[in-house]
Amino acid sequence: ERQLVESGGGLVQTGGSLRLSCAASGFTLDDWSIGWFRQAPGKEREGVSCISSSDGQKNYADSVRGRFTLSRDKAKSTVYLQMNSLEPEDTAVYFCAAEPGDCTVVPDISATYMQIWGQGTFVTVSS
């Protein structure tokens with residue numbers, strides 16, 4: 001069974017950092033791209049970042065570029081989202097998802113072809 005499991009969410013103060021993990025099982029990161037999405041209460045889902053399977057190219061939303069960093073450990077089948085300089089506006093449920101092939105960015109990070117989703121992890125940034 002193909003599965004994604006997120007971890008690492010929590011409560012942090014403004015300016016703090018968190019590292020989210022997305023552990024994949026049942027498939028290989030050689031063939032699937034991993035994206036991070038978030039949804040805040042009352043807001044639409046937003047694509048945050050994505051790393052492509054073929055070349056490891058990383059894409060970031062403008063709202064997080066320069067603060068968030070995506071990395072991948074293929075040996076552990078895990079993708080990490082390092083989040084620094086967190087702001088209250090970053091408060092949301094964060095989901096990782098997997099798409100066969102490379103990330104779809106048109107121009108925003110798209111969820112259209114994401115086929116596997118994790119259960120989500122809560123991130124709360126207090127002011």
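Computed from a predicted model, the values in this text were never measured in an experiment. Only heavy atoms go into these numbers, but all of them, side chains included; no hydrogens, no water, no symmetry mates.
Not one N or O on the side chain of Gln57 forms a donor-acceptor pair closer than 3.5 Å with the backbone of Ser52. Side chain of Ser33 to backbone of Gly101: a donor-acceptor contact under 3.5 angstrom is found. With hydrogens and angles disregarded, no donor-acceptor distance shorter than 3.5 Å links the side chain of Lys58 to the backbone of Ile51. Between the side chain of Thr91 and the backbone N or O of Val125, at least one donor-acceptor pair lies under 3.5 Å. In terms of modelled atom types and a separation under 3.5 Å, the side chain of Ser49 and the main chain of Asn59 share a donor-acceptor contact. A donor-acceptor pair under 3.5 Å is absent between the side-chain atoms of Arg45 and the main chain of Gln39, judged by distance alone. Using a distance-only test at 3.5 Å, with no hydrogens or angles considered, no donor-acceptor pair links the side chain of Asp31 to the main chain of Thr28. The backbone N or O of Ser110 sits nowhere less than 3.5 Å from a side-chain atom of Thr112 that would complete a donor-acceptor pair. No donor-acceptor pair under 3.5 Å is formed between the side chain of Gln3 and the backbone N or O of Ala24. For the pair Ser21 (side chain) and Tyr80 (backbone), a donor-acceptor distance under 3.5 Å is absent.
For the pair Ile34 and Leu29, the minimum side-chain heavy-atom distance is below 4.5 Å. Counting heavy atoms from C-beta outward, Ser126 and Thr14 have side chains that stay 4.5 Å or more apart. For the pair Leu18/Val123, a side-chain contact is recorded, criterion being any heavy-atom separation below 4.5 Å from C-beta on. For the pair Ser17/Arg67, no side-chain contact is recorded, criterion being any heavy-atom separation below 4.5 Å from C-beta on. In this structure the side chain of Met83 never reaches within 4.5 angstrom of the side chain of Val64, judged on heavy atoms. You'll find the side chain of Ile109 stays beyond 4.5 Å of the side chain of Val48, heavy atoms only. Side-chain atoms of Pro100 and Gln115, non-hydrogen and from C-beta on, do get closer than 4.5 Å to each other. Trp32 is listed as a side-chain neighbour of Ile116, based on a closest heavy-atom distance under 4.5 Å.
Residues Asp102 and Ser54 have side chains that bring a donor and an acceptor to within less than 3.5 angstrom of each other.
The shortest non-hydrogen separation linking Gln119 to Val5 is OE1-CA, 3.7 Å. Gly56 approaches Arg72 most closely through the heavy-atom pair CA-NH2, 3.5 Å.
Between the CG atom in Asp108 and the SG atom in Cys50 there is a gap of 12.5 Å [rounded to 0.5 Å]. One distance of note links CD of Glu46 with CZ of Arg38; it measures 4.5 Å at 0.5 Å rounding.
Sparse packing is recorded around OH of Tyr113, with 12 or fewer heavy atoms of other residues, nucleotides or ligands lying under 6.0 Å away. Atom NZ of Lys74 has more than 12 heavy atoms from other residues, nucleotides or ligands within 6.0 Å.
Residues Phe37 and Leu4 do not share a hydrophobic cluster, clusters being chains of Ile/Leu/Val/Met/Phe/Trp/Tyr side chains in contact below 4.5 Å. By the criterion of side-chain heavy atoms lying less than 4.5 angstrom apart, applied directly or through intervening Ile, Leu, Val, Met, Phe, Trp or Tyr residues, Phe27 is grouped together with Val79 in one hydrophobic cluster. Met114 and Leu81 sit in two unconnected hydrophobic clusters of ILVMFWY residues. Membership requires side-chain heavy atoms under 4.5 Å apart, directly or through other members.
The cationic group of Arg65 does not satisfy the cation-pi geometry with Tyr60, failing either the under 6.0 Å distance to the six-membered ring centre or the 45° limit from the ring axis.
By the 30° and 60° cut-offs, the orientation of the rings of Phe95 relative to Trp117 is perpendicular.
Outside the 6.0 Å centre-distance limit, the rings of Phe68 and Trp36 are not counted as a close aromatic pair.
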